[in-house]
Amino acid sequence: MKQFSQDCLKRISRRDFISLSSCGITFAISGYTESSRDNIIQANHNNMNQMNGDIPAPGKSRVLHLHPKDNVAVALEDLSAGTAVQINNASLVLKGAVAAKHKFTLSRIAAGETIFMYGVKVGKAVKPIERGTAITTDNIVNAVSEVNKNTPRNFKWTTPAFKPYKNMSFMGYHRPDGKVGTANYWLVIPMVFCENRNVEVIKEAILAELGYEPVSPYRGFVRDLITAYKNEVSSTEYSKSEQAKTQENSTRTKLFSNVSGIQFLVHSGGCGETRQDSRELCGLLAGYIAHPNVAGATVLSLGCQNAQLSMLQEEIKKRDPDFSKPLFEFEQQQIGTEDEMIRQAIGSVFKGLSEANKTERKPAPLSKLCIGVECGGSDGFSGISANPAVGHVADLIIALGGSVILSEFPELCGVEQDLYDRCINQADGDKFLDLMQNYNNRAKFVGSGFDMNPSPGNIKDGLITDAMKSAGASKKGGTSAVNSVLDYTEIAGGSGLHLLCSPGNDVESVTAEAASGANLILFTTGLGTPTGNPIVPVIKISTNTTLFEKMPDIIDIDTGTIIEGTENIEQAAERILKFVIEAASGTTVPASVKNRQSDFIPWRRGVSL
């Protein structure tokens with residue numbers, strides 16, 4: 001990690017100083033003074049220059065201590081047993097090897113003692129842990145602090161320097177309700193899984209003909225394999241040859257140039273489930289139909305299912321009382337034959353596209369952006385690089401009058417106190433805690449719990465407990481006050497930060513954020529995941545440069561630069577915001593959109609972490 005120059009450190013503002021905590025610059029929010037900033041910055045500058053043990057490259061730091069309260073530090077690279085490091089003017093020799101992204105103890109920790117990271121409780125030792133030892137699932141377990149509901153509601157937010165962006169705009173699709181879309185899609189939606197096949201028939205019939213289905217780069221490859229098979233050439237040998245490389249990547253010309261595409265929201269719900277599940281499915285689908293990125297929809301219903309068309313209409317009215325988009329509904333049990341219904345439905349799609357094509361992009365202020373923030377395939381660098389950078393973008397958007405949605409409630413476990421204290425009103429604070437508790441209780445009822453959220457990949461790459469994962473994940477939401485708390489499928493109304501109850505499951509959560517109004521989603525990942533959405537551009541941001549270079553086909557932006565020290569959080573955030581404006585305007589296409597990654601999974605209230 002390259003060092004910040006002494007001049008650069010001296011120029012750090014109070015806000016810069018706080019944000020740098022996620023880069024490993026030790027800080028203290030309580031009792032902050034300008035002199036304490038200078039002292040701490042000087043101490044950390046010295047620490048970076050005084051690494052012992054194997055001499056790293058000039059200017060490169062190998063460990064980070066995130067907060068004065070922390071009794072662990074983070075390895076920025078693989079460290080072998082016996083490596084000596086110096087943190088806060090104290091020398092330490094590692095007892096064993098510590099892999100990059102993992103944490104090691106700064107003092108001897110007794111059994112039952114609390115593990116602190118980011119200044120919050122993230123675990124508890126189950127056995128004595130010697131100083132300089134890596135923490136693992138063998139020596140610590142998940143642990144969180146109890147929430148104090150008696151804290152005064154007097155949160156004050158220091159807004160970022162947003163004036164340079166005040167007069168910026170993006171080119172979006174303006175809707176009658178005043179919202180602005182970053183895309184212009186037509187939807188084909190089944191009310192129940194019984195209609196999925198009919199939806200697929202419509203999809204097969206119209207996508208290619210209307211220019212919305214690119215030529216598959218693999219069809220030519222398959223034809224070549226067939227030829228090789230007929231000529232008795234091993235497919236394994238053939239796949240290694242130059243001929244096996246995919247060449248076809250041409251796209252067809254779209255008939256309707258102002259329409260982003262046609263999306264088909266097939267799902268497994270609508271009947272044979274609880275009435276609550278059907279109601280929430282209708283709420284979710286209504287959120288997509290009323291969404292500013294959607295021009296209108298064609299809906300197929302069987303007729304006898306739980307999720308009735310009347311229920312969908314009720315949910316649409318909740319979200320947009322003056323709903324006026326084209327909406328075509330077809331009920332198979334009333335129409336009769338599948339052929340007749342499919343022909344009518346295809347005709348409605350063509351009619352809807354003709355109308356949607358009349359809408360063109362026009363300038364809109366950044367206050368019309370509603371950004372969903374998400375993480376998936378997280379690693380031990382997520383809370384240090386990508387998440388706080390996205391959090392700074394969130395703060396900028398909110399300061400400009402826009403809105404941000406932070407979801408994944410299982411990954412907010414352990415940071416409830418901070419979010420509770422930031423809620424503008426008591427009712428939202430109580431609602432947040434109730435949703436968290438009820439969700440966790442449902443998980444425990446079936447033998448699980450929020451503590452079981454981290455995946456094997458998370459753990460392998462340094463996220464040992466759910467509280468540790470949550471402490472880093474919550475940084476995506478920035479530092480502003482919480483404007484509202486939303487249950488699943490509720491709409492984010494007004495500017496500010498909104499907390500949305502959803503699973504930690506990437507696709508279920510992204511699906512929910514879109515339904516609640518996000519017109520663009522920032523998705524951080526340390527391990528790599530292709531997740532996208534049918535109607536909302538999903539921008540993928542890597543926590544480390546290795547991933548960015550390894551998976552360039554699915555990653556849009558690299559924030560490994562923060563780990564390497566070539567950028568600070570605000571500089572990375574500026575790059576992200578520039579990409580956001582371009583993606584919202586349609587001038588830059590995120591990888592998930594290029595790849596036609598249209599993941600859609602409604603959440604049933606059963607346990608999903």
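Note that the structure is a prediction, hence the values are computed from the model and not measured. When reading the values below, keep in mind they use all heavy atoms of this one structure, side chains included, and skip hydrogens, waters and symmetry mates.
- A donor-acceptor pair shorter than 3.5 Å cannot be found between the side chains of T359 and N184.
- At least one donor-acceptor pair closer than 3.5 Å links the side chain of N595 to the backbone N or O of A591.
- Note that the OG atom of S260 and the OH atom of Y212 stand 8.0 Å from one another [nearest 0.5 Å].
- A ring-ring contact (aromatic ring centres under 6.0 Å, His included) check over residues 283-308, counting only residues at least two apart or in different chains, returns the pairs Y288-F600.
- A distance-only check finds a donor-acceptor pair linking the side chain of E490 to the backbone of D487 [under 3.5 Å].
- With a 4.5 Å cut-off on side-chain heavy atoms, V538 and T531 do not count as touching.
- Here the straight-line distance linking atom CG of L499 with atom CG of L486 works out to 8.0 Å at 0.5 Å rounding.
- One finds the OG atom of S592 at 8.5 Å from the CG atom of N533 (value rounded to the nearest 0.5 Å).
- Side-chain atoms of S382 come within 3.5 Å of backbone N or O of D379 as a donor-acceptor pair.
- Residues satisfying the side-chain hydrogen bond (donor to acceptor under 3.5 Å, both in side chains) test with T545, not counting sequence neighbours, are D558, E564.
- Looking at heavy atoms from C-beta onward, P454 lies in side-chain contact with D466 at the 4.5 angstrom threshold.
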Check against side-chain contact (heavy atoms from CB on, under 4.5 Å), V510 and D599 | CA-CA 9 Å; V510 168; D599 303 305; over 6 Å; no

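- In this structure, CZ in F523 is found 13.0 Å from CD1 in I539, a value given to the nearest 0.5 Å.
- E508 and S502 are not linked by any side-chain donor-acceptor pair at a separation below 3.5 angstrom, with hydrogens and angles left out of the test.
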Under the side-chain contact (heavy atoms from CB on, under 4.5 Å) criterion, do L312 and L285 qualify, and how do the steps go?
-> CA-CA 7 Å; L312 175 66; L285 297 177; 4.0 Å; yes

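- Side chains of L577 and I397 form a contact here, defined as non-hydrogen atoms less than 4.5 Å apart.
- Classification of the W186-F328 ring pair by plane angle, with boundaries at 30° and 60°, yields tilted.
- Among residue pairs with one or both ends in residues 576-597, those qualifying as salt bridge (charged side-chain N to carboxylate O under 4.0 Å, His left out) are K578-E582; sequence neighbours excluded.
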Are C271 and N306 close enough, and set up right, to give a side-chain contact (heavy atoms from CB on, under 4.5 Å), and what steps lead you there?
-> CA-CA 5 Å; C271 202; N306 285 349; 4.2 Å; yes

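- For P176 against S324, the heavy-atom pair with the smallest separation is CG-OG, 3.8 Å.
- In terms of modelled atom types and a separation under 3.5 Å, the side chain of N258 and the main chain of N357 share a donor-acceptor contact.
- Heavy-atom neighbours of K351 NZ from other residues, nucleotides or ligands within 6.0 Å: at or below the threshold of 12.
- Looking only at distances, a side-chain donor or acceptor of N387 sits under 3.5 Å from a matching main-chain atom of G472.
- There is a side-chain donor-acceptor pair under 3.5 Å between N293 and T182.
- Side-chain contact between S470 and F450: absent, with no pair of heavy atoms (C-beta onward) separated by less than 4.5 Å.
- Annotation for A356 and V259: closest pair CB-CG2, 3.9 Å, computed over non-hydrogen atoms.
- Looking at K431, its side chain does come within 3.5 Å of a backbone N or O of V485 through a donor-acceptor pair.
- Salt-bridge formation is detected for the pair K318/E315: a Lys NZ or Arg NE/NH1/NH2 atom is positioned less than 4.0 Å from an Asp or Glu carboxylate oxygen.
- Atoms NE2 and CG, from H392 and L396 in turn, are 4.0 Å apart once rounded to the nearest 0.5 Å.
- Put simply, the side chain of S385 gets close to the backbone of T543: a donor and an acceptor are under 3.5 Å apart.
- For the residue pair T227 and D224, no side-chain donor N or O sits within less than 3.5 Å of a side-chain acceptor on the partner.
- No side-chain donor-acceptor contact under 3.5 Å links H498 to the backbone of I491.
- Side-chain polar atoms of S509 and S407 form a donor-acceptor pair below 3.5 angstrom.
- Taking the centre and axis of the six-membered ring of Y439, the NZ or CZ atom of R442 falls inside the cone set by 45° and 6.0 Å.
- At least one side-chain heavy atom of L412 sits under 4.5 Å from a side-chain heavy atom of M436.
- In this structure the side chain of L281 reaches within 4.5 angstrom of the side chain of H267, judged on heavy atoms.
- No side-chain donor-acceptor contact under 3.5 Å links D177 to the backbone of D322.
- Within a 6.0 Å radius of CZ in F193, other residues, nucleotides and ligands contribute more than 12 heavy atoms.
- Contact check for F381 versus T559: no side-chain heavy atoms found under the 4.5 Å cut-off.
- When every heavy atom of T489 is checked against every heavy atom of R319, the shortest pair comes out as O-NH2, 3.0 Å.
- Considering CD1 of I554 and NZ of K540, their distance stands at 5.5 Å, rounded to 0.5 Å.
- The two residues D506 and G377 come nearest to each other via the heavy atoms OD2-N, 4.1 Å.
- By the 6.0 Å contact criterion, CD on E204 is open, its count of non-hydrogen atoms from other residues, nucleotides or ligands being 12 or less.
- The shortest heavy-atom contact between K362 and H174 is O-NE2, 3.4 Å.
- Each of T524, T525, T529 was evaluated against C375; a single residue qualifies, T524, per the side chain to side chain contact (heavy atoms under 4.5 Å, CB included) test.
- Across all non-hydrogen atoms, the minimal contact from N519 to K368 is ND2-O, 3.1 Å.
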Take K460 and L527, measure what side-chain contact (heavy atoms from CB on, under 4.5 Å) needs, and give me the verdict at the end.
-> CA-CA 10 Å; K460 179 176 178 291; L527 305 177; over 6 Å; no

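- With no hydrogens or angles considered, no side-chain donor-acceptor pair links Q305 and E195 at under 3.5 Å.
- Of the possible polar contacts, one joining the N458 side chain to the S455 backbone as a donor-acceptor pair under 3.5 Å is found.
- Contact of the I262 side chain with the I202 side chain is not registered, since no non-hydrogen atoms from C-beta on lie closer than 4.5 Å.
- With salt bridges taken as basic N to acidic carboxylate O contacts below 4.0 Å, none links K469 and E408.
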